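Below is one structure; the comments refer to it alone.
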Amino acid sequence: MKHFLDITKETCPMTFVKVKLRLAKMAKGELLEVLLNDGEPLHNVPRSCEEQGYKVRSIEPTDDNRHLILIEK
Amino acid sequence: MGGKHQKISIVCFSGDFDKMVAAYTIAAGAAATNREVTLFFTFWGLNAIKKNQGRKWLGKDLLSRAFNFLMGGRGNLPVSRFNFGGISPHLMTHMMKKSNVATLPELMEAASELGVRLYACEMAMHILGLQRSDLIDEVQEVVGVATFLNESEGAHIIFI
């Protein structure tokens, strides 16, 4: 099952806080697609996920300054 | 889950609105990145975790009741600079919302969901005549400094 989370309106620390809270509610093996802005979120969200043992499968740029990242719990 | 496992303990002493936002920002950020976080509320910091968010005559004698009424709860936390008679915290909350920055209640809720531990200082509660029932349910325990230090063994301790 693939979940989706838009954190483009969030700022630090709620960017990675919201990702963490959503991942906590998911089952192991499920996917989470996160839409985020360039800069702090793009730098911190994938890193914090990897530090916690989640797998960042892909990071794709969308339009200006936004990215879609796919995380596997 | 893998990754580093570090501990952070924050002493919430000041009870200023802006400093409480800073404490909860660090707490939520640290907990979201897999750190074990403890907040220890003492003296003015206790105002942020009173169940009643406004002014209330809490306490057991005239002085403690007057202190608690004047200090109030989370809704009365002053900004550490340019408080302007209590208007600034409301203006700042408005500015935070406008900038999509999490407000203090949002940060407190996130911290709670992330399992941040809240301790209240027994000694300061005794001075201010506060009971456990005067504090929000999220407070895990009323403890002394020895327990706080034991729980913070190996942790970074931050004083705010």
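In this text, all values refer to a predicted model and were calculated from it rather than measured experimentally. Order of the sequence lines sets the chain letters (A, B, ...), proteins ahead of strands, with each chain counted from 1.
- In the hydrophobic clustering of ILVMFWY residues, with side-chain heavy atoms under 4.5 Å counting as a link, Val11(B) and Val37(B) come out together.
- Other residues, nucleotides and ligands contribute at most 12 non-hydrogen atoms within 6.0 Å of the CZ atom of Phe67(B).
- For residues 21-44 of chain A, a heavy-atom distance under 4.5 Å to chain B picks out Leu21(A), Lys25(A), given by residue number.
- Linking ILVMFWY side-chain heavy atoms closer than 4.5 Å, directly or via other members, places Leu70(A) and Leu5(A) in two distinct hydrophobic clusters.
- Counting heavy atoms of neighbouring residues, nucleotides and ligands inside a 6.0 Å radius, atom NZ of Lys73(A) exceeds 12 of them.
- Looking at Ala111(B), neither its backbone nor its side chain comes within 4.5 Å of chain A, counting heavy atoms on both sides.
- Counting Ile, Leu, Val, Met, Phe, Trp and Tyr side chains that sit under 4.5 Å apart, directly or through other members, Met95(B) stands alone, with no cluster partners.
- Connection of Leu104(B) to Phe13(B) is established within a shared hydrophobic cluster, with ILVMFWY side chains joined at heavy-atom distances below 4.5 Å, either directly or through further cluster members.
- For a residue to count as touching a neighbouring chain, one of its non-hydrogen atoms must lie under 4.5 Å from one of that chain's; by this rule Leu107(B) touches chain A with the side chain only.
- The interface of residues 8-16 of chain A with chain B, defined by heavy-atom distances below 4.5 Å, comprises Lys9(A), Glu10(A), Thr11(A), Pro13(A), Met14(A), Phe16(A).
- In this structure, Leu91(B) is not a member of the same hydrophobic cluster as Val21(B), with clusters built from ILVMFWY side-chain heavy atoms closer than 4.5 Å.
- By the 6.0 Å contact criterion, NZ on Lys55(A) is open, its count of non-hydrogen atoms from other residues, nucleotides or ligands being 12 or less.
- No more than 12 heavy atoms of other residues, nucleotides or ligands shown are found within 6.0 angstrom of NZ on Lys97(B).
- Considering only heavy atoms from C-beta on, Lys20(A) stays 4.5 Å or farther from Thr33(B) through its side chain.
- Under the 4.5 Å side-chain heavy-atom criterion for ILVMFWY residues, no single connected hydrophobic cluster contains both Phe69(B) and Trp44(B).
- Within residues 112-147 of chain B, the residues approaching chain A closer than 4.5 Å by heavy atoms are, in numerical order, Glu113(B), Leu114(B).
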